[in-house]
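Below is one structure, written out as structure tokens, with a few remarks after it.
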Amino acid sequence: MGVSRGPRLSGMQKQVLSLYRGFLRAARAKSAEDRQQIESLVSSEFRRNAKEVDRKNFLYIEYLLRRAKKQLDQLRSSDVVGLSALNVSFSQTKHPTN
């Protein structure tokens, strides 16, 4: 029988992990100091979002995935040397009133 490696991951979880690995791979192509800064920022952003974002808020997670894919594409460019953080706050309790 096969060995279980833990719980099965959803498609969205696989996308998140793939993006994370992509950022780490892209960081390898940068200078040592830029690489360290990129890895630190990516790690902290992913951890922060893992703690703060409701796992059932698919629209917001999809938004974060799209934004991260764009950032990764930019980071892969040879002209780009680093990343910066953009804090976007989202509150589920606020609803527009008519």
Side-chain angles (χ1 to χ4, degrees):
M1 289 192 186
V3 176
S4 175
R5 295 185 197 173
R8 287 191 125 164
L9 299 176
S10 71
M12 198 171 284
Q13 288 171 320
K14 289 177 184 178
Q15 285 181 313
V16 170
L17 290 173
S18 175
L19 269 173
Y20 186 77
R21 287 190 303 267
F23 274 106
L24 296 182
R25 282 188 199 106
R28 286 188 216 143
K30 307 301 179 186
S31 71
E33 59 192 38
D34 291 333
R35 177 182 179 173
Q36 185 178 11
Q37 183 261 341
I38 292 167
E39 289 173 349
S40 174
L41 180 63
V42 168
S43 175
S44 66
E45 284 291 308
F46 273 78
R47 288 182 192 275
R48 183 179 61 80
N49 284 324
K51 289 179 184 176
E52 294 179 6
V53 176
D54 180 12
R55 293 172 190 247
K56 294 180 182 178
N57 191 344
F58 300 117
L59 290 176
Y60 187 59
I61 294 170
E62 287 172 352
Y63 159 75
L64 290 173
L65 285 169
R66 284 192 306 272
R67 192 179 88 189
K69 286 177 187 176
K70 289 178 185 177
Q71 287 178 323
L72 179 55
D73 289 341
Q74 290 175 345
L75 183 62
R76 286 179 175 153
S77 168
S78 60
D79 298 332
V80 176
V81 293
L83 288 177
S84 64
L86 172 66
N87 292 326
V88 177
S89 61
F90 176 80
S91 174
Q92 293 179 346
T93 59
K94 294 182 180 179
H95 297 285
T97 56
N98 293 337

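Throughout, numbering of the chain's residues begins at 1 and tracks the sequence.
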In short, R8 meets Q13 closest at the heavy-atom pair O-OE1, 4.1 Å
Is there side-chain contact between R76 and D73, with at least one heavy-atom pair below 4.5 Å? yes
Taken in chain and number order and not counting sequence neighbours, the residues that satisfy side-chain hydrogen bond (donor to acceptor under 3.5 Å, both in side chains) with E52 are R48
CG of L72 to CZ of R67, rounded to nearest 0.5 Å, is 13.0 Å
Do L65 and L24 land in one hydrophobic cluster if side-chain heavy atoms of ILVMFWY residues count as linked below 4.5 Å? yes
Is a side-chain donor or acceptor of S44 paired with a backbone partner of S40 at a separation under 3.5 angstrom? yes
Which residues satisfy the side-chain contact (heavy atoms from CB on, under 4.5 Å) test with R47, sequence neighbours excluded? S43
Do the side chains of V16 and Y63 join up, straight or via other hydrophobic residues, at under 4.5 Å, putting them in one cluster? yes
For the atom pair CG (L19) and CD (Q71), what is the distance rounded to the nearest 0.5 Å? 10.0 Å
So CD of E33 and CD of Q36: to nearest 0.5 Å the spacing works out to 9.0 Å
Give the cluster check for F58 versus F46: same hydrophobic cluster or not, with ILVMFWY residues linked at side-chain heavy-atom distances below 4.5 Å. yes
Which value, rounded to the nearest 0.5 Å, describes the distance between L75 atom CG and K30 atom NZ? 5.0 Å
Show the numbers, then the answer: is there a side chain to side chain contact (heavy atoms under 4.5 Å, CB included) between L59 and E62? CA-CA 5 Å; L59 290 176; E62 287 172 352; 4.2 Å; yes
How close do I61 and R55 get, heavy atom to heavy atom, and via which atoms? CD1-O, 3.7 Å
Quick check for you: to the nearest 0.5 Å, what is the distance between L64 atom CG and M12 atom CE? 10.0 Å
Tell me, please, which residues at least two apart from E39 pass side-chain hydrogen bond (donor to acceptor under 3.5 Å, both in side chains). R35
Less than 4.5 Å apart, any side-chain heavy atom of D54 and any of Y60? no
Between F23 and L41, is any pair of side-chain heavy atoms under 4.5 Å apart? no
